Amino acid sequence: MKTARWQTARGIIRRFRPDRNPLRRTADRIEAAILAGLVLVLLAAGPLAGHAAAGMAAASGARTTHAQASWRQTSAVLLQDAPTQAYVMGQASSAPLALARWTAPDGTRHEGKVPAPAHALAGRTVPVWTNRSGTLEAVPVQRADVVLWEVLAAGAAVTGVIVASAIVFFLARILLDRRRLAAWDAAWPVAHRRWSGRP
């Protein structure tokens, strides 16, 4: 198994390494140079792109957590029984909504629909998050969420560099293959005359 892999690797290296092989065409040398250049781009730009994307995701997460610093968790009292399931545009939702009342950090009372467990009875308290004015907010972003954003952003950036490099290589190879075929078409009549002995 190792021998087969080594032979495959040697074949790839032998195919693209620069040498003075007379059978190696100019298009082959150009292809090898493009491949080497793209490998260098991957080694240099991949980590840089991943680091930059992770940094932007971290900055975005920091802005979000800073904006959420004033949010407070409070208890909302259900004013009605929660439905079995909520439906949005005809589709079942995972969080039924029920009318409830809660008190804002400034002491003002608010009413509105909040997510509640299915079948929760009126009078039950459920935790909600509000901003300074008492408006309901979603659950704040956690540090683990920000770390996940950073990992996903870095992975997407590196993948983008790899995909872009692969596209460039395959487009270049298509153009070089056309050049090779044109060279074969031009050389074939000459070779045919030599082999056949005809003038």
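All figures in this text were calculated on a predicted structure; none of them were measured in a lab.
- No path of Ile, Leu, Val, Met, Phe, Trp and Tyr side chains, each step under 4.5 Å between heavy atoms, connects Leu38 with Val163, placing them in separate hydrophobic clusters.
- By the rule that hydrophobic residues join a cluster once side-chain heavy atoms approach within less than 4.5 Å of another member, Val139 and Trp71 end up as members of one cluster.
- Atom CG of Asn131 sits about 11.0 Å away from atom CD of Gln68, to the nearest 0.5 Å.
- No chain of hydrophobic side-chain contacts below 4.5 Å, direct or via other Ile, Leu, Val, Met, Phe, Trp or Tyr residues, connects Val141 to Trp129.
- Proximity of a side-chain donor or acceptor of Gln80 to a complementary backbone N or O of Leu78 within less than 3.5 Å is not detected.
- Here the straight-line distance linking atom CE of Met56 with atom NE2 of His51 works out to 11.0 Å at 0.5 Å rounding.
- Distance check, rounded to the nearest 0.5 Å: CD of Glu31 to CG of Asp177 gives 7.0 Å.
- Among all heavy-atom pairs drawn from Ala67 and Ser70, the shortest one is O-OG, 4.1 Å.
- Shortest non-hydrogen contact noted between Ala104 and Gly134 is CB-CA, 3.4 Å.
- Ala157 and Ala49 get closest at one heavy-atom pair: CB-O, 3.4 Å.
- Between Leu42 and Ile162 the shortest side-chain heavy-atom distance falls below 4.5 Å.
- Minimum heavy-atom separation, Ala122 to Asp81: N-OD1, 2.7 Å.
- When hydrophobic clusters are built by joining Ile, Leu, Val, Met, Phe, Trp and Tyr residues whose side-chain heavy atoms come closer than 4.5 Å, directly or via intermediates, Val126 is grouped together with Leu136.
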Would you list the atom pairs, donor with acceptor, under 3.5 Å between side chains in residues 109-116 and any protein atom, with sequence neighbours excluded?
residue	atom	partner	partner atom	Å
His110	NE2	Thr108	OG1	3.0
His110	NE2	Ser133	O	3.1
Glu111	OE2	Arg101	NE	3.4
Glu111	OE2	Arg101	NH2	2.9

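- With Thr65 contributing its side chain and Gly61 its backbone, the two residues share a donor-acceptor pair below 3.5 Å.
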*Stepwise side chain to side chain contact (heavy atoms under 4.5 Å, CB included) check, Leu43 with Val39*: CA-CA 6 Å; Leu43 294 176; Val39 169; 4.1 Å; yes
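- Linking Ile, Leu, Val, Met, Phe, Trp and Tyr residues whenever their side-chain heavy atoms come within less than 4.5 Å leaves Phe169 and Ile167 in two separate clusters.
- Of the possible donor and acceptor atoms, one in the side chain of Ser165 sits under 3.5 Å from a partner among the backbone N and O of Val161.
- Contact record, Gly50 with Ala154: O-CB, 3.5 Å, taken as the closest heavy-atom pair.
- Remark: Leu176 CG to Ile34 CD1 distance equals 5.0 Å, nearest 0.5 Å.
- Considering every non-hydrogen atom in both Ala58 and Glu150, the closest pair reads CB-OE2, 3.2 Å.
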